[in-house]
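Reading through the structure tokens given below for one structure.
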Amino acid sequence: MVNVTLFLRPGDVFKSLEGLPIYEGLILGAFALSIDRMRGHFAPWALRQQPITLCVVGLFVAVILSQLTHMYLSGAKDSGIFFLKTLIYYALLVTVVDTPRRLRWFALTIAVVAPLMV
């Protein structure tokens, strides 16, 4: 549902839903349901095995530090929150899509929803 909402943007389609944080609610709900499994992906030993995850976490830190070096505090907050959403999405993706079958379903969902968005 997070992917479908991300692509179809129901707030843009149905004016009565405009302004509601649908995506944020769904991603935080999925995050809460997956947090136990997600911890394993961010453990020190797992970060050594999956350096791309370490890179994504490092980018989160770099995004915030790049704004702070210019003393742009509101930019650091805004950029940090924006990239935190990306980090949570990435964490959910690598946690939930962990088998070939789930990867096929994910790819099928994207293949069906992307043309609808266009």
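Keep in mind it's a predicted model, so treat the numbers as computed, not measured.
- Using a 4.5 Å cut-off between side-chain heavy atoms of Ile, Leu, Val, Met, Phe, Trp and Tyr, with links allowed through other members, I35 and I88 fall into the same hydrophobic cluster.
- Note: R37 CZ to L92 CG = 10.0 Å, rounded to the nearest 0.5 Å.
- With contacts defined as side-chain heavy-atom distances shorter than 4.5 Å, the pair Y89/K85 does not qualify.
- Taking CG of L103 as the reference point, atom CG of L108 lies at 11.0 Å (rounded to 0.5 Å).
- V96 and M38 are not part of a single hydrophobic cluster, where members link through side-chain heavy atoms under 4.5 Å apart.
- Annotation for F82: atom CZ does not count as buried by contact number, only 12 or fewer foreign heavy atoms lying within 6.0 Å.
- In this structure, CG in L93 is found 10.5 Å from CG in D98, a value given to the nearest 0.5 Å.
- Criterion: ILVMFWY side-chain heavy atoms under 4.5 Å apart, direct or through other members. Under it, V97 and I110 are part of a common hydrophobic cluster.
- In terms of modelled atom types and a separation under 3.5 Å, the side chain of T99 and the main chain of R102 share a donor-acceptor contact.
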Under 3.5 Å, side-chain donor or acceptor atoms of residues 42-68 against the rest of the protein: list the pairs with distances, not counting sequence neighbours.
{"unit_1": "T53", "atom_1": "OG1", "unit_2": "Y90", "atom_2": "OH", "d": "2.8"}
{"unit_1": "S66", "atom_1": "OG", "unit_2": "A62", "atom_2": "O", "d": "3.3"}
{"unit_1": "S66", "atom_1": "OG", "unit_2": "V63", "atom_2": "O", "d": "2.8"}

